[in-house]
Amino acid sequence: MRHGKKINHLGRTSAHRKAMMSNMASSLILHKRINTTVAKAKALRKYVEPLITKSKEDSTNSRRVVFSYLQNKEAVTELFREISQKVANRPGGYTRILKTGYRIGDAAEMCMIELVDYNENYSQNKGGKKKTKSTRRGGAKKKVEEKQGEVPVEETTIVEEVVENTEEIPQTPSEE
């Protein structure tokens, strides 16, 4: 039984697992989304989210710590230059796991793991407008007051204008 064991070993030795997580994290940072199994994605989420949090503070020490995990200069540069700017005001939850079905060969559950701020289809505030929270208290009174203050539009003026415009149309000789 695996009581209290929080890490998923994924059927690999520790060196193999560490190399795989480093490689997958670098790919996720460089490509913004990758396809993998659900078990690996959940393990990768625990591996990469602390690194993204560490990238918010751009110091020599934090760069060295992140590089010790990733072992990829390009990924570290991308993380500290672009990704850290996008996630600066996000308190956590930098990745999203979307299940995509089952693999044909062995029926393993597959998914796509992606960085949240780089998918425009799922962003909550489309167009950069923030959704404001509306309160329900006293709303009915305001609506009644607004309706009383409105001036009703007279429908007869619109109908009269249409009738006047139709009389001005010249008749063609074939209609006479």
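Note that these values count all heavy atoms, side chains included, but never hydrogens, waters or copies made by symmetry.
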Is there a path from [X] to [Y] through hydrophobic residues (I, L, V, M, F, W, Y) whose side chains come within less than 4.5 Å of each other?
X: Val87; Y: Ile97; result: yes
X: Met20; Y: Val38; result: no
X: Val65; Y: Leu51; result: yes
X: Met112; Y: Met24; result: no
X: Ile29; Y: Val116; result: no

Report, as yes or no, whether the 6.0 Å neighbourhood of atom [atom1] on [X] holds more than 12 heavy atoms from other residues, nucleotides or ligands.
X: Arg12; atom1: CZ; value: yes
X: Ile104; atom1: CD1; value: no
X: Phe80; atom1: CZ; value: yes
X: Lys42; atom1: NZ; value: no
X: Lys86; atom1: NZ; value: yes

State the [atom1]-[atom2] distance between [X] and [Y], to the nearest 0.5 angstrom.
X: Ile113; Y: Lys40; atom1: CD1; atom2: NZ; answer: 12.5 Å
X: Ser27; Y: Leu70; atom1: OG; atom2: CG; answer: 10.5 Å
X: Ser59; Y: Arg63; atom1: OG; atom2: CZ; answer: 9.0 Å

Could you check whether any side-chain N or O of [X] sits under 3.5 Å from a backbone N or O of [Y], counting only pairs where one atom can act as donor and the other as acceptor?
X: Arg17; Y: His9; result: yes
X: Ser55; Y: Ser84; result: no
X: Glu57; Y: Lys54; result: no
X: Lys32; Y: Asn119; result: no
X: Arg103; Y: Asp106; result: no

Check whether any side-chain heavy atom of [X] lies under 4.5 Å from a side-chain heavy atom of [Y], and answer yes or no.
X: Ser22; Y: Tyr47; answer: yes
X: Asn72; Y: Asn23; answer: no
X: Tyr102; Y: Met110; answer: no
X: Met21; Y: Leu10; answer: yes
X: Val48; Y: Tyr69; answer: no
X: Val76; Y: Glu78; answer: no
X: Leu28; Y: Leu44; answer: yes

Problem set entry | side chain to side chain contact (heavy atoms under 4.5 Å, CB included) evaluation trace for Arg33 with Leu115 | CA-CA 6 Å; Arg33 74 173 52 124; Leu115 296 175; over 6 Å; no

Exercise. Is Glu109 paired with Lys99 through a side-chain N to carboxylate O contact shorter than 4.0 Å?
Worked result: yes

For this session: Indicate whether the side chain of Tyr94 and that of Thr53 have a donor and an acceptor atom separated by less than 3.5 Å.
Result: yes

Problem set entry | Short side-chain donor-acceptor distance under 3.5 Å, Thr95 and Glu49 | yes

Exercise. Where is the tightest heavy-atom contact between Asp117 and Glu120, given as atom of each residue plus distance?
Worked result: O-OE2, 4.0 Å

For this session: Measure across Arg2 and Lys6 and return the closest heavy-atom pair with its distance rounded to 0.1 Å.
Result: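 Residues Arg2 and Lys6, closest heavy atoms: NH2-C, 4.3 Å.
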
For this session: May I ask you to establish whether Lys73 and Phe67 are in a cation-pi arrangement, using a distance under 6.0 Å from NZ or CZ to the six-membered ring centre and at most 45° from the ring axis?
Result: no

